[in-house]
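As structure tokens, the structure follows; a few thoughts come after it.
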Amino acid sequence: MAFFNKLGSLTRQSISQKGQVPVVSMLNSIRCMSSSRLFIGGLPWSTDDQTLKDAFSGFGEVTEARVIMDRETGRSRGFGFVHYDSVENASEAVAAMDGQDLGGKTVRVSFAKERRPHYQRELTF
DNA sequence: GTTGAGCGTT
């Protein structure tokens, strides 16, 4: 199952990270995977919400798809978020879409970090 | 008419 394969991958990845207590970053990885929100990086500048949703709608119900726009210029910042109705579907999307070509760019798909209030932005855990 | 690692206005 892709979910547990990815968990093992993230665990090994977190243990090799520098400057962090392994168990802390491992718990962060597990916490991220308990969510069905995905971070999508490396998007072409032309990608919009609907394009993003279409690209990720083959692995389950996409409840939200958003390309983050620059608040001043209104142009894409080249990344976005996709929400699924379940963690399992999100996991399948990571396995299937990470590293794939989308509009000529190689996209990076991973579980999103927990969205935190601004006053906690500098905190790791 | 530009950019290319990152983690989002509610």
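Per chain, numbering begins at 1; letters A, B, ... match sequence-line order. Computed from a predicted model, the values in this text were never measured in an experiment.
Between the CZ atom of Phe111(A) and the P atom of dG8(B) there is a distance of 18 Å, rounded to whole Å. If you take CG of Asp49(A) and P of dG8(B), they are 16 Å apart, rounded to a whole angstrom. In this structure, CD1 of Ile40(A) is placed 21 Å from P of dG4(B), rounded to the nearest angstrom. The distance between atom CZ of Arg75(A) and atom C1' of dT2(B), rounded to the nearest whole Å, is 7 Å. Distance, Phe79(A) CZ to dG4(B) C1': 12 Å, rounded to whole Å. Leu102(A) places its CG atom 20 Å from the P atom of dG4(B), with the value rounded to the nearest Å. Taking atom CD of residue Glu64(A) and atom C1' of nucleotide dT10(B), one finds them 10 Å apart after rounding to whole Å. Atom CD1 in Ile68(A) sits about 8 Å away from atom C1' in dC7(B), given to the nearest Å.
In terms of polar N and O atoms assigned as donor or acceptor, the side chain of Arg77(A) never comes within less than 3.5 Å of the base of dG8(B) in a complementary pairing.
Between the Arg75(A) side chain and the Ser46(A) main chain, no donor and acceptor come within less than 3.5 Å of each other. Checked by atom type and distance alone, the side chain of Tyr84(A) never pairs as donor or acceptor with a backbone atom of Ser57(A) at under 3.5 Å.
Nearest to the side-chain atoms of Arg108(A) among the listed nucleotides dA5(B), dC7(B), dG8(B) stands dA5(B). The side chain of Lys113(A) approaches dC7(B) more closely than any other nucleotide in the set dC7(B), dG8(B), dG6(B).
Nearest-nucleotide assignment on DNA chain B puts the 5′-proximal partner with Ser76(A), out of His83(A) and Ser76(A).
In this structure, Phe81(A) forms no aromatic stack with the base of dC7(B), since the conditions of centre separation below 5.5 Å and plane angle below 30° are not both met.
Residues Leu102(A) and Thr47(A) are not in side-chain contact: their nearest non-hydrogen atoms beyond the backbone lie 4.5 Å or more apart.
When ring centroids are compared, Phe39(A) and Phe79(A) come within the 6.0 Å threshold.
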